[in-house]
Amino acid sequence: MATLRISPDKVCFVVVKAREFDAKVAPTELDEGSNASDDDMAQILEDYADDPTLEELKSFLEALNEDELEDLLALMWLGRDDYSIDDWEEGLGEVRDVRDRHTVDYLLGTPLLSEYLEGGLAEFGLSCEEFELGHM
């Protein structure tokens, strides 16, 4: 029987933050005479190197222990359909084989990270719906 060593709330936090980060767009040059209220606060969705959403997500991921990082990576692969829930232990074995100190950067650089993690949680019969309602 497949079991998670990371709490669903931690996974859901990553899902929410990854979704926020995925919504970012390339910065645009605003008219020098413009102001934030006239520009509908568009700058908040622009992606900058010192983005606080990215920094918060990266800090959170770096604070996870080895087991939690392994589960997070395996959940992403599960949600990406690299293997099935029946092969969870095999997937964890693969994670252990390839996991190194770059796991956080690998996760952060994965397009659709939030969707893959949600898909992986769904395989366990879990959802981020209640987490998201409680944190909005």
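When a residue number appears, it is its place in the shown sequence, counting from 1. Just so you know, these numbers come straight off a predicted model, no measurement behind them.
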Trainee: How about CD on E129, more than 12 heavy atoms from neighbouring residues, nucleotides or ligands closer than 6.0 Å, or not?
Mentor: no
Trainee: Taking it one step at a time, do L57 and L61 satisfy side chain to side chain contact (heavy atoms under 4.5 Å, CB included)?
Mentor: CA-CA 6 Å; L57 180 55; L61 292 171; 4.2 Å; yes
Trainee: I need the D86 CG to S84 OG distance, nearest 0.5 Å.
Mentor: 4.5 Å
Trainee: Using the salt bridge (charged side-chain N to carboxylate O under 4.0 Å, His left out) rule, collect all pairs that involve residues 114-124, keeping only residues at least two apart or in two chains.
Mentor: R19-E118
Trainee: Of all heavy-atom pairs between R96 and R5, which one has the smallest distance, and what is that distance?
Mentor: NH2-NH1, 3.5 Å
Trainee: Tell me whether the rings of F13 and F60 are parallel (<30°), tilted (30 to 60°) or perpendicular (>60°).
Mentor: tilted
Trainee: I need the minimum non-hydrogen distance between Y83 and G91, along with the two atoms involved.
Mentor: CZ-CA, 3.5 Å
Trainee: Just wondering, do D67 and I6 contact through their side chains at under 4.5 Å, heavy atoms?
Mentor: no
Trainee: Whether K17 and E56 form a salt bridge (side-chain N of Lys/Arg under 4.0 Å from carboxylate O of Asp/Glu) is what I want to check.
Mentor: yes
Trainee: Answer yes if the ring centres of F124 and W88 are under 6.0 angstrom apart, and no otherwise.
Mentor: yes
Trainee: With a 4.5 Å limit on heavy-atom distance, are the side chains of T103 and L72 in contact?
Mentor: no
Trainee: Let me see the working for K58 and D105 under side chain to side chain contact (heavy atoms under 4.5 Å, CB included), right down to the final yes or no.
Mentor: CA-CA 8 Å; K58 186 172 185 171; D105 292 329; 3.8 Å; yes
Trainee: Between the main-chain N or O of E90 and the side-chain N or O of D87, is there a donor-acceptor pair closer than 3.5 Å?
Mentor: no
Trainee: Could you give the distance from OG1 (T110) to CE (M76), rounded to the nearest 0.5 Å?
Mentor: 4.0 Å
Trainee: Measure across L92 and A74 and return the closest heavy-atom pair with its distance rounded to 0.1 Å.
Mentor: CD2-CB, 3.8 Å
Trainee: Is the closest side-chain heavy-atom distance between D82 and L78 below 4.5 Å?
Mentor: no
Trainee: Are the side chains of L126 and L4 in touch, meaning some heavy atoms are under 4.5 Å apart?
Mentor: yes
Trainee: Give the minimum heavy-atom separation between L69 and V104, together with the two atoms involved.
Mentor: CD2-CG2, 4.3 Å
Trainee: Taking atom OH of Y106 and atom CG of L73, what is their separation to the nearest 0.5 Å?
Mentor: 6.0 Å
Trainee: Rounded to the nearest 0.5 Å, what separation is found between the CD atom of E94 and the CD atom of E70?
Mentor: 12.5 Å
Trainee: Might you point out which heavy atoms bring L64 and K10 nearest each other, and give the distance in Å?
Mentor: CD2-CD, 4.0 Å
Trainee: How close do L121 and C12 get, counting heavy atoms only, and between which atoms?
Mentor: CD1-SG, 3.9 Å
Trainee: Considering only heavy atoms from C-beta outward, does the side chain of V15 approach that of F131 to under 4.5 Å?
Mentor: no
